[in-house]
Undergrad: 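This is the structure I want to talk about, given as structure tokens.
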Amino acid sequence: MVIIMQPEATFEDIFEVVKSIEDAGLEAKIMEGAQQKIIGVIGDKTKLASVAIGAMNGVENIVSISKSYKLASREFHPQSTVIDIGGVKIGGDEPVIMAGPCAVESREQILETAEIVKKGGAKFLRGGAYKPRTSPYSFQGLEVEGLKYLAEAREKTGLKVVTEVTTVEGIAPVAEYADIMQIGARNMQNFGLLKEVGKCGKPVMLKRGLSATIDEWLNAAEYIINAGTPDVILCERGIRTFEVYTRNTLDLSAVAAIKHLSHLPIVVDPSHGTGKWRMIKPMAFAAIAAGADGLMMEVHPNPAKALSDGSQSLTAENYFELMDGVKKLSKLMREENLNPISE
Ligand code: PEP
Ligand code: MN
């Protein structure tokens, strides 16, 4: 349930509404609307049955939210969320690009890739220091050493860092070095991890689970927001289907669905979504055309030698070519007012 306050509602009016909610044993969350304050009610709303909230001073309207996720829903927060990370806005007018290798392999590799990524115009350097690998015998990541190389690359290039956290114990070290904490597809429903990462105060990028429905994905986002972090970015990275030509089936319809159902920004990862470097550019263009707020993709100075995911990594040349197209496409969309999202 959401209580929409009148634009002229006073601080006291808001205080009284919040107090009634809390006195009934429920939780109230105050959010900024376009012109007015919105108060979200979390918990069993039947407890409010005897409280005439609608009659209280300053209350304009009460909207009931039918979905199991509330804080992540657009009903609760009608305006799209823009997340500002040190001046880089995710969910704003321009798509934000996150690029880099699948894994941080060495200091030289990440520094070289960071220069490429920066030159092409990405704002974020990606790279896993903790790698969730299917086989325990595959390269598992450089862990804290890898995080330090990412931080050095940030210092040298000014890029921000997005990197994955795979365990609760990993939250503190990753939070020390990362600008965005990435929750990988395999951990999307690791609820203990979601609750803890939501407490750390850093923005979180939540990748869609391998077989997660949109409803499950938004409920996973709800765990993080409810734990204390409103800055959640969703990342569509493909889902398992019967198709085996591609590594996953990139569900671009999820962009439109999320924009309708939620106020959270969404980026698309065509590297993991397809598993094939040749398919990254067309899917990146399509994602931007569909209204994605950004892209995450894998770039490696020498994909043939990559320790993981070389086949879905772009060379520097292919990355520059893609970025050139993405910039032209998003500029055209802005200039022509081509907004695919009807809010
Ligand atoms: C990644 O982005 O490094 C990754 C492992 O992707 P996913 O969790 O989507 O498989
Ligand atoms: Mn990868």
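In each ligand, atom 1 is the first atom listed, and ligand 1 is the first ligand listed. If you're wondering where the values come from, they're calculated on a predicted model, not measured in any experiment.
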Undergrad: Could you tell me whether some N/O pair between Q182 and ligand 1 is separated by less than 3.5 angstrom?
TA: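 N/O-N/O distance under 3.5 Å: yes.
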Undergrad: What is the closest protein heavy atom to atom 9 (O) of ligand 1, and at what distance does it sit?
TA: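 In this structure, atom 9 (O) of ligand 1 has R237 NE, 2.6 Å as its nearest protein heavy atom.
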Undergrad: Give the table of side-chain donor-acceptor pairs shorter than 3.5 Å for residues 278-291, with sequence neighbours excluded, one pair per line with atom names and distance.
TA:
residue	atom	partner	partner atom	Å
K281	NZ	E321	OE2	2.7

Undergrad: Does D231 have any salt bridge (charged side-chain N to carboxylate O under 4.0 Å, His left out) partners at least two apart in sequence or in another chain, and if so, which?
TA: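 By the salt bridge (charged side-chain N to carboxylate O under 4.0 Å, His left out) rule, D231 matches no residue at all.
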Undergrad: How far is atom 6 (O) of ligand 1 from its nearest protein heavy atom, and which residue and atom name does that atom have?
TA: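 Its nearest protein heavy-atom neighbour is K207 NZ, 3.0 Å.
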Undergrad: In the protein, which heavy atom is nearest to atom 8 (O) of ligand 1, and how far is it?
TA: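 Atom 8 (O) of ligand 1 sits closest to the protein heavy atom A185 N, 2.8 Å.
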Undergrad: Centre of Y245's six-membered ring, under 6.0 Å away, within 45 degrees of the axis: is that where NZ or CZ of K276 sits?
TA: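 The answer is yes, since K276 meets both limits relative to Y245.
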Undergrad: Keeping waters out of it, list the protein N, O or S atoms under 2.8 Å from the Mn ion (ligand 2).
TA: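 Checking every protein N, O and S atom gives C102 SG, H272 NE2, E298 OE2, D309 OD2.
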Undergrad: Can you spot which of K160, R154, K202 makes a salt bridge (Lys or Arg N to Asp or Glu O under 4.0 Å) with D179?
TA: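 Passing option: R154.
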Undergrad: Do Q312 and H272 get their side chains close enough for a donor-acceptor pair, meaning under 3.5 Å?
TA: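 H272 and Q312 do have a side-chain donor-acceptor pair below 3.5 Å.
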Undergrad: Would you say D44 and T46 are linked by a side-chain donor-acceptor pair, where the criterion is simply a distance under 3.5 Å?
TA: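 Their side chains do contain a donor-acceptor pair, which is all the 3.5 Å distance test asks for.
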Undergrad: Between K131 and ligand 1, does any nitrogen or oxygen pair lie at a separation below 3.5 Å?
TA: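 In this structure, K131 places an N or O atom under 3.5 Å from an N or O of ligand 1.
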Undergrad: Closest non-hydrogen protein atom to atom 3 (O) of ligand 1, residue and atom name please, with distance?
TA: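 Closest protein heavy atom to atom 3 (O) of ligand 1: R126 NH2, 2.8 Å.
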Undergrad: Kindly give the cluster partners of I21, where membership spreads through any ILVMFWY side chain lying under 4.5 Å from a current member.
TA: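 Via sub-4.5 Å side-chain contacts, I21 links to M1, I3, M5, I14, V17, V18, L26, I30, I39, V41, L48, V51, I53, M56, V59, I62.
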Undergrad: Does some side-chain heavy atom of C102 sit less than 4.5 Å from a side-chain heavy atom of H300?
TA: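 Side-chain contact under 4.5 Å: no.
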Undergrad: Tell me the protein heavy atom at minimum distance from atom 5 (C) of ligand 1, and give that distance in Å.
TA: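 Result: E164 OE1, 3.7 Å.
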Undergrad: Among side-chain atoms of R237 and S271, is any donor-acceptor pair under 3.5 angstrom?
TA: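 Checked: R237/S271 side chains show no N/O donor-acceptor pair below 3.5 Å.
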